[in-house]
Protein chains: 2
Amino acid sequence: MFLKSSKHIPQLTVDCVIFGFHHKKLKLILSKLKLEKDIYALPGGFVLQEEDIEDAAKRVLFERTGIEDVYLEELGTFGRANRISDEDFQLFSHLAKELYPDVEPPINEKNQKMRLVSIAYYALVDFEKVIPKKIDLDESCDWYDSQDLPHMIFDHREMAEKGLEVLRDNLDKKLLFNNLLSETFTMRELQELYETVYDKPFPANNFQKKILDLNILERLDKKFTGAKSKAPYLYRLKSNLSNKG
Amino acid sequence: MFLKSSKHIPQLTVDCVIFGFHHKKLKLILSKLKLEKDIYALPGGFVLQEEDIEDAAKRVLFERTGIEDVYLEELGTFGRANRISDEDFQLFSHLAKELYPDVEPPINEKNQKMRLVSIAYYALVDFEKVIPKKIDLDESCDWYDSQDLPHMIFDHREMAEKGLEVLRDNLDKKLLFNNLLSETFTMRELQELYETVYDKPFPANNFQKKILDLNILERLDKKFTGAKSKAPYLYRLKSNLSNKG
DNA sequence: GCAAAAGTGTTACAGATACACCCATGC
DNA sequence: GCATGGGTGTATCTGTAACACTTTTGC
């Protein structure tokens, strides 16, 4: 989360729900803020005056993950007038003053807390390729289980939940799964991703048929892991079908 | 389209794609701006500092249609840095100066055109109940055919097209049809709405079965119009299922 | 050979589509 | 009666779900 300066649009921010898939769990990146209490935040920041809103989200994403060309899609606007509680505002402006004494705080002339509107995005990344990076306001920055979220500032929990909801709507419909897996993956890994996101079992035979009938995967060599069972095939999205957002 | 004052968030607006259905055409409300050239705009305005973004959209909607409790849903953010062309900005700021000489124009300290970000919404209303109302900046305000849109300012045409796209995604999935029809309607009227929105024929028998099997309509008396053919039944959404946004 | 997991095939069901038909209304 | 459009029923198709089975791997 960045603070604003004159180069930024004053009352507008972006926040990103960055999803990764690891060990049958859907994870997302959160910052632990430098505060007495344990309070977490989604990666976010202000938008530059000359910057497309989506580019601001991409900038935040790159700052926190070090990767580009990620699937990115808007979740919607979080624009309730009272989306920032008095308590959260106190905590946050205190933190802001300590770390950025020379930057205009998010307070108006009458010394009231200032209205902030946030555009939320969700991003899908390969968990293996990303080590979350903290910035100045963070005590730490790491992956957290999307099913077991800690206490989050502002309306960030609502954003995370909206992210999950939209991911459930789109994972299958828009065939986004490759963005959450390594470049090559087994059918079981893909199935487990579906089972995690949709929170229900998918019978292996029907699942395989459904996916292969889409004709978007190419079958590669088998993956020999040393397990005392049949070696599964590896698959990869056909090279002409990559779908970064 | 309103201009900003200190009571408003400086660089943020809302715009509304207000849909109605009439004579087998999907219509939307546009303002013809008071300009030399024929340029049209979606109803919109700035957001008050103490106002939820969605409430700002509802306010615009009420100003232009005189009705409340309408289905309203966000389309997304229109936030490209160059979404307002130099030409459109000249036209619009000229208009603004004439009509609101005492209101701060959307120009920054360096006299450059100011960045505006807009949150777009779409609304579904009963065409019969709405007479579009013009405001000061409008030469006129009326219904226009969504398939034959005139030249529109800024990126308003993109918004209208996005509205159509989202309506197509949601009309059937979220069963929104009652919001575009009168309280009571015939099966044929409903079918014609579907045929217009999805731009394809729906066989009457299968369509009726599909809709009635949803179990969300109650059948009322027949509608005798004097036509020399069988009188169709009237239907109404079951009273417990109203779905205003 | 055997246990574990991968992979294939075949049947059963449900929702959508297509075709054929009957009914009410005003002249 | 008859033309017009409304309304209903039944067969067909297609994609999904359910069940049964074979194959490969390491010990």
### Pi-cation contact, Y233(A) with R219(A) (under 6.0 Å, within 45°)
yes
### Task
Using only side-chain N and O atoms of Q208(B), determine if any of them is under 4.0 Å from OP1 or OP2 of dT8(D).
yes
### Message
Is there a side-chain contact between R188(B) and the phosphate of dG6(D), meaning an N or O under 4.0 Å from OP1 or OP2?
### Response
yes
### Task
Would you tell me if any nitrogen or oxygen in the side chain of K228(B) comes within less than 4.0 Å of OP1 or OP2 on dC2(D)?
no
### Task
Please determine, by modelled atom types, if S182(A) and E128(A) share a side-chain donor-acceptor pair under 3.5 angstrom.
no
### Task
Whole angstrom is fine here: how far is it from NZ in K209(B) over to P in dT10(D)?
11 Å
### Query
Cation-pi between K209(B) and F207(B): NZ/CZ under 6.0 Å from ring centre and within 45° of the ring axis?
no
### Message
From CD of Q191(B) over to C1' of dT8(D), roughly how many Å is that when rounded to an integer?
### Response
15 Å
#### Entry: Euclidean distance, atom CZ of residue F207(A) to atom P of dA18(D) [Å, nearest integer]
15 Å
### Task
Rounded off to whole Å, could you give me the CG-to-P distance for the L190(B) and dG6(D) pair?
13 Å
#### Entry: Contact nearer the 5' end of DNA chain D, comparing N206(B) with K230(A)
N206(B)
### Query
How close do R59(A) and F46(A) get, heavy atom to heavy atom, and via which atoms?
NH2-O, 2.9 Å
### Query
Taking for each residue the nucleotide of DNA chain C with the nearest heavy atom, is it K210(B) or T186(A) whose nucleotide lies nearer the 5' end?
T186(A)
### Query
dG5(D) P sits how many Å from E189(B) CD, rounded?
15 Å
### Query
Starting at OH of Y233(B) and ending at C1' of dG7(D), how long is that distance when rounded to a whole Å?
8 Å
### Task
Specify the separation, in whole Å, of atom CZ of F202(B) and atom C1' of dA18(C).
16 Å
